[in-house]
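The figures that follow rest on heavy atoms only: side chains count, while hydrogens, waters and symmetry mates do not. Computed from a predicted model, the values in this text were never measured in an experiment.
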Amino acid sequence: MSLDVSSDIFKTKLKNTILKKGFQGSNPKPEQIARFKWLNYDGSQTIQTPAHLFEFTERHGYVHLLPSDDSILPDLVSAIRGEIVFISEYPRLAKMFEQVFDGFYRDFVQKALVFEYPLVQSTHVLISREEFKKLYALKLKSTFDDEHEKTMFEFIQENRPVSKKAIKDHFRNNPYVFQRIDFYVYKLQHDLRIYKTGFDAIEGNIFDLFTRVVPDWDESNLPQTTVDEILEKMVGASLYLNPVQLQRALKKQFTKEEINEALSRLIDSGVLYKTKIDREPVLVHKAMFEANR
């Protein structure tokens, strides 16, 4: 399995300076201070090895590999740097982190201890194995949107592993499918029917059946989960975030009504609480905040 870093760089905008300015402000609020410690943006944690990165991913459950302008989750580059990293700065830092990330890919991503998934705004998020099992349990109920999506899945199933180029070549004479290849590939990944297992400079992404990646995962040994658990873990991963951002990021995963109802239950039960930071409404994960004050 491969982290396609170069592709992410070109797709990502410059990160805004709100968090950096907030941390450097003369009178940061407790929520802000806790957030920076939680995400290691003050350099309080030692993150120097692939194992350290894995521990960070396990602790947060959901993280990005690279910084992003509209990210609602922490990213490993900023965590290991100990400060907010702009995507424009990453090429300069890439060599510095190359050995650590190569080891992280080899020892943890390639061994399916950490998974990539297009969770937030169609960008890939790194998810810990146990959290990914919960997501997979929800996805077992998904169905094909139409016959063309099913046709593409059957082609991959018969020719696995298969590259993005091979998929395009096969459906080149089928205009309807060819024009929607990117959507169908995304949808099949989204529903955990296929998984990106590698990348080739000429052939593009390489896909295989998800069940081939985790052959021992069946419905009987998967944890029972709810939308509430997924949302709680995502808020906890960032310590706090704007509920509107959460709704926008997960609109392809859950309906707005599902998200709002789940958040209401989490607030009513005391797992999350509402507050404002710089007049922006945010949800704070109570237990995580108390543990990092």
Looking only at heavy atoms, which two atoms of [X] and [Y] are closest? And how far apart?
X: Gln189; Y: Pro118; result: CB-CG, 4.4 Å
X: His60; Y: Leu39; result: NE2-CD2, 3.7 Å
X: Pro243; Y: Pro281; result: CD-O, 3.6 Å
X: Ile259; Y: Leu246; result: CD1-O, 4.3 Å
X: Pro50; Y: Val100; result: CG-O, 3.5 Å
X: Gln245; Y: Glu280; result: OE1-OE2, 4.4 Å

Side-chain heavy atoms nearer than 4.5 Å, only ILVMFWY residues, links allowed to pass through others: does that put [X] and [Y] together?
X: Val120; Y: Val185; value: no
X: Ile181; Y: Tyr186; value: no
X: Leu73; Y: Leu135; value: yes
X: Leu93; Y: Leu53; value: yes
X: Leu140; Y: Phe144; value: no

Is there a donor-acceptor pair closer than 3.5 Å between any side-chain N or O of [X] and the backbone N or O of [Y]?
X: His190; Y: Lys252; answer: yes
X: Trp38; Y: Ala291; answer: no
X: Tyr195; Y: Glu116; answer: yes
X: Ser238; Y: Val235; answer: no
X: Glu131; Y: Ser128; answer: no
X: Glu149; Y: Asp145; answer: yes
X: Ser142; Y: Lys139; answer: yes

Does atom [atom1] of [X] have more than 12 heavy-atom neighbours, drawn from other residues, nucleotides or ligands, at distances under 6.0 Å?
X: Lys150; atom1: NZ; value: no
X: Arg248; atom1: CZ; value: no
X: Gln99; atom1: CD; value: no
X: Lys133; atom1: NZ; value: yes
X: Asn173; atom1: CG; value: no
X: Lys164; atom1: NZ; value: yes
X: Glu147; atom1: CD; value: no

Practice task
Check the pair Leu138, Ile230 against side-chain contact (heavy atoms from CB on, under 4.5 Å), reporting the backbone distance first and the verdict last.
Solution key: CA-CA 10 Å; Leu138 291 178; Ile230 302 293; 4.0 Å; yes
Does some side-chain heavy atom of [Y] sit less than 4.5 Å from a side-chain heavy atom of [X]?
X: Tyr90; Y: Asp75; value: no
X: Phe108; Y: Thr57; value: no
X: Lys286; Y: Leu272; value: no
X: Ile47; Y: Asn40; value: yes
X: Phe153; Y: Leu209; value: yes
X: Lys274; Y: Leu283; value: yes
X: Phe104; Y: Val114; value: yes
X: Leu76; Y: Phe54; value: no

Out of curiosity, [X] [atom1] to [Y] [atom2], how far, rounded to the nearest 0.5 Å?
X: Leu113; Y: Arg129; atom1: CG; atom2: CZ; result: 6.5 Å
X: Asp146; Y: Thr151; atom1: CG; atom2: OG1; result: 8.5 Å
X: Lys37; Y: Gln45; atom1: NZ; atom2: CD; result: 11.0 Å
X: Glu258; Y: Thr226; atom1: CD; atom2: OG1; result: 11.0 Å

Using a strict 4.0 Å threshold on nitrogen-to-oxygen distance, state whether [X] and [Y] make a salt bridge.
X: Asp169; Y: Arg172; value: yes
X: Lys187; Y: Asp191; value: yes
X: Asp208; Y: Arg160; value: yes

Practice task
I would like to know whether His170 and Met152 meet side-chain contact (heavy atoms from CB on, under 4.5 Å); could you show each step before the answer?
Solution key: CA-CA 10 Å; His170 179 78; Met152 183 178 291; over 6 Å; no
Practice task
Give me the ring orientation class for Phe132 and Tyr117: parallel if the planes are under 30° apart, tilted from 30 to 60°, perpendicular past 60°.
Solution key: perpendicular
Exercise for the section: Using the six-membered ring wherever Trp is involved, compare the ring planes of Phe210 and Trp217 and label them parallel, tilted or perpendicular (cut-offs 30° and 60°). Expected result: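 Rings of Phe210 and Trp217: perpendicular, over 60°.
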Handout entry: His52 side chain to Thr49 side chain, donor-acceptor N/O pair below 3.5 angstrom
Key =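 Their side chains do contain a donor-acceptor pair, which is all the 3.5 Å distance test asks for.
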Exercise for the section: List the steps and the verdict of side-chain contact (heavy atoms from CB on, under 4.5 Å) for Val271 and Arg265. Expected result: CA-CA 9 Å; Val271 175; Arg265 288 191 294 268; over 6 Å; no
Exercise for the section: Please determine if Arg81 forms a cation-pi arrangement with Phe97, meaning its NZ or CZ atom is less than 6.0 Å from the six-membered ring centre and no more than 45° off the ring axis. Expected result: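 Pair Arg81/Phe97 does not count as cation-pi.
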Exercise for the section: Apply side-chain contact (heavy atoms from CB on, under 4.5 Å) to Val284 and Tyr273, showing your working. Expected result: CA-CA 5 Å; Val284 178; Tyr273 69 86; 3.7 Å; yes
